[in-house]
Amino acid sequence: MSARVRCRHRSSRCLRGGVSFPSAELQRQFVLLREENRQLRRALDSRSDIDQALGMIMALAPCGRRPAWRALVDISQHTNTKVRTVARLLVEAGEQRVPAPYRRALHRALSRARTG
């Protein structure tokens, strides 16, 4: 016998909005899939920023995609910031207005990309 999960909106198993499930396992799977969907959407949204930042680094260095990716990761690690956040910052600000710690990390990463 499956356990009934009480919803505060209705007396059966449901999520907000009245979506009901015949079992707690199906409800758990739905919640997990919804979270995975949210994470995938976030990844897709940040992907364009990352691609644009890679293009900027490739143009500034100049270098190929792999060295540009290593440079972006390097900046991320040296500033203790997520790659997607660094990419967004570079795309939004451009090199002239990037905050000093990121600008220093960018210059070091570009130097390494040029030589490596």
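One finds the NE2 atom of H107 at 7.5 Å from the CG atom of L110 (value rounded to the nearest 0.5 Å). Remark: Q27 CD to L32 CG distance equals 11.0 Å, nearest 0.5 Å.
Of the residues V86, I75, L72, the one that meets the side chain to side chain contact (heavy atoms under 4.5 Å, CB included) test with L106 is I75.
R108 pairs by the side chain to side chain contact (heavy atoms under 4.5 Å, CB included) definition with H78, R104, A105, R112, not counting sequence neighbours. Scanning for side chain to side chain contact (heavy atoms under 4.5 Å, CB included) contacts around Q39 gives E35, with sequence neighbours left out. Every residue meeting the side chain to side chain contact (heavy atoms under 4.5 Å, CB included) condition with Q29, not counting sequence neighbours, appears here in chain and number order: E25, L26. Every residue two or more places apart in sequence or in another chain that forms a side chain to side chain contact (heavy atoms under 4.5 Å, CB included) with D51 is listed here: R47, L54, R65. Residues satisfying the side-chain hydrogen bond (donor to acceptor under 3.5 Å, both in side chains) test with S76, not counting sequence neighbours, are none. Residues satisfying the side-chain hydrogen bond (donor to acceptor under 3.5 Å, both in side chains) test with R88, not counting sequence neighbours, are D49, E92.
Linking Ile, Leu, Val, Met, Phe, Trp and Tyr whenever their side-chain heavy atoms come within less than 4.5 Å puts V73 and L89 in one cluster. Hydrophobic cluster membership is shared by I50 and L60, with clusters built from Ile, Leu, Val, Met, Phe, Trp and Tyr side chains linked at under 4.5 angstrom.
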Quiz item: Hey, mind stepping through Y102 and T85 against side-chain contact (heavy atoms from CB on, under 4.5 Å) and telling me if it holds?
Solution: CA-CA 11 Å; Y102 295 96; T85 304; 5.6 Å; no
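Residues L90 and I57 have side chains in contact (heavy-atom distance under 4.5 Å, counting atoms from C-beta outward).
The two atoms that bring A68 and C63 nearest to each other are N-SG, 3.7 Å, heavy atoms only.
The number of heavy atoms from other shown groups lying within 6.0 Å of CG (N80) does not exceed 12.
Annotation: side chain to side chain donor-acceptor pair (under 3.5 Å) contacts involving residues 52-63, sequence neighbours excluded, are absent.
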